[in-house]
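Shown next, in structure tokens, is the structure this report addresses.
The model shown is predicted, which means the values in this text are computed figures rather than measured ones. Both backbone and side-chain heavy atoms feed into the values below; hydrogens, waters and symmetry mates do not.
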Amino acid sequence: MAALVAGILPSDVVRDDADVQIESKQDSILSVQTPDRTYQVKLTPAVSLLETSCQRSPGNTQHGSHFRLRLKVEQPTEAPCSVIGQLRVNVTYSFLCQSCGSMVLQDRAFGRVLPLPNGNWNALVDDWCCHPDPFANKKLLPRDGDCLLGDTFLLLARDSSCEQTLVREEKSLQKASAEQKHGSKRVMVSCRSCSAALGEEVTAAKERVLKFYITEIFVKPRDDGECNTSVTQFSLESEPNSERQRFLEQTLASRLVELSSAQSIFRFSIQTPDDIAVILLWLLNTDSLVASFPDAAARADSLISADDKEHQSCRVVKAVKVLYILCSDRKLKDVVDVWEKDISVHPLLLPQSSCEELQKLLMSSTSRLPAFLRCMNSYQVAYMRM
């Protein structure tokens with residue numbers, strides 16, 4: 001399997017592209033030769049350079065010269081599943097707060113794990129039925145022992161054990177809706193240990209149901225066996241910000257791939273629970289590979305040293321390439337209006353905080369690309385690792 005990668009050499013290192021030669025001296029080692037010195041770049045094992053594939057991209061960036069290489073990957077990593085794709089019946093799970101790692105639900109086993117209709121199902125009811133909408137003002141809620149799977153959330157029956165781990169808080173809706181007109185308010189659910197918002201409570205008659213967003217929780221089976229079905233693939237003891245960003249990135253990228261594969265959906269509207277669109281996302285490639293190096297490595301005399309653990313390259317990971325538009329950009333209002341009216345655009349609900357984090361994550365990815373690769377027509381380009 002081959003992958004196209006890009007790299008930038010700082011302007012203080014390279015003044016003339018013609019003086020640069022990039023070749024592979026041995027497996028997983030790149031040799032970058034400049035007039036002054038030779039840099040050694042250590043790649044992930046089983047990743048090597050395809051000879052004669054080095055191409056100089058047109059123009060220079062403000063940071064230096066840009067080169068494109070084609071790498072050969074012997075054993076590409078498998079894309080992880082999101083929690084939506086992992087939950088199974090008759091398996092005991094524990095639910096943890098993603099922010100602090102505290103247990104919020106323990107030893108839950110489900111007799112049924114069922115998918116909910118997708119986000120646009122209600123708009124299609126008129127095409128299914130020849131009589132008035134039979135689903136009007138009705139909610140699809142789980143019974144005891146059920147787990148209902150939405151696009152970005154889980155619905156679980158609430159029990160008395162939640163009183164010790166969760167906090168309820170009423171919140172007024174930001175956007176006028178049928179519920180708000182009838183005086184209803186959203187009941188938010190937070191972690192008692194750190195006050196992080198995990199989702200909300202859905203009520204109907206005497207039923208009380210928990211709605212957990214997949215970006216806010218870890219889900220772990222009781223026994224982490226060989227298949228490693230735990231969503232928790234990052235240490236809770238690591239730097240909180242970097243681990244949170246990595247978790248959010250992987251969770252959403254994996255979910256986008258699952259939805260595109262199962263339902264042939266490629267355009268998404270990232271919205272808050274109040275149905276306010278924040279980001280328009282267009283999924284392009286799902287077979288990209290990303291390998292990144294620490295900033296310190298690019299400034300060192302030797303980019304990567306075999307005996308310097310601080311500069312070891314990270315493993316190659318699968319990634320998705322996306323185009324996106326921020327709905328707050330007034331210059332693109334016409335594009336946003338067209339997307340909002342298009343029924344083929346799939347809405348994905350996320351907490352307000354996660355929408356803001358995703359926006360920063362996408363903008364950060366775009367900023368790391370060379371200037372001439374950051375845009376495609378009116379859209380920004382970004383990569384999300386899985």
Please confirm whether the backbone N or O of R158 pairs with a side-chain atom of R208, one donor and one acceptor, at under 3.5 Å?
no
Test of understanding: with salt bridge (Lys or Arg N to Asp or Glu O under 4.0 Å), list the residues that count as partners of R88, not counting sequence neighbours.
none
Let's go through Q250 and R385 carefully: what are the C-alpha distance in whole Å and the side-chain angles of both, what is the deciding distance for side-chain hydrogen bond (donor to acceptor under 3.5 Å, both in side chains) to 0.1 Å, and is it a yes or a no?
CA-CA 6 Å; Q250 177 180 330; R385 297 173 297 170; over 6 Å; no
Donor-acceptor under 3.5 Å (S367 side chain, S364 main chain)
yes
How far does SG of C162 sit from CD of E201, to the nearest 0.5 angstrom?
9.0 Å
Does T152 reach the main-chain N or O of L349 with its side chain, forming a donor-acceptor pair under 3.5 Å?
yes
Only pairs under 3.5 Å count here: list side-chain donor-acceptor contacts from residues 192-200, not counting sequence neighbours, and write none if there are none.
unit_1: R192; atom_1: NH2; unit_2: E163; atom_2: O; d: 3.0
unit_1: R192; atom_1: NH2; unit_2: L166; atom_2: O; d: 3.1
unit_1: S193; atom_1: OG; unit_2: S102; atom_2: OG; d: 3.2
unit_1: E200; atom_1: OE1; unit_2: R186; atom_2: NE; d: 3.0
unit_1: E200; atom_1: OE2; unit_2: R186; atom_2: NE; d: 3.4
unit_1: E200; atom_1: OE2; unit_2: Y213; atom_2: OH; d: 3.3

Pick one: which of L87, D107, L105 meets side-chain contact (heavy atoms from CB on, under 4.5 Å) with Y93?
L87
So if you build clusters from Ile, Leu, Val, Met, Phe, Trp, Tyr with side-chain heavy-atom gaps below 4.5 Å, do V202 and M188 land together?
no
Do V104 and V167 belong together in a cluster built from hydrophobic side chains that touch within less than 4.5 Å?
no
Are D337 and K341 within salt-bridge range, i.e. N to O under 4.0 Å?
no
Salt bridge or not for R244 and E216, using N-O below 4.0 Å?
yes
Check whether D342 reaches the backbone of W339 with its side chain - one donor and one acceptor, N or O, closer than 3.5 Å.
no
Membership question, hydrophobic clusters at under 4.5 Å side-chain separation (ILVMFWY): are I265 and V338 in the same one?
no
NZ/NE/NH1/NH2 to OD/OE distance under 4.0 Å, K360 and E357
no
Keeping the roles fixed (side chain from T366, backbone from V381), state whether a donor-acceptor pair exists under 3.5 Å.
yes
Mind checking whether V187 and F153 sit in one hydrophobic cluster, side chains of I, L, V, M, F, W, Y counted as touching below 4.5 Å?
no
Is a side-chain N or O of S365 found less than 3.5 angstrom from the main chain of Y383, in a donor-acceptor match?
yes
Assert yes or no for the condition that the ring centre distance of Y379 to W282 is strictly below 6.0 Å.
yes
Given the rule in the side-chain hydrogen bond (donor to acceptor under 3.5 Å, both in side chains) test, do T272 and D274 qualify, once you have shown the distances and angles that lead to the verdict?
CA-CA 5 Å; T272 68; D274 299 323; 4.6 Å; no
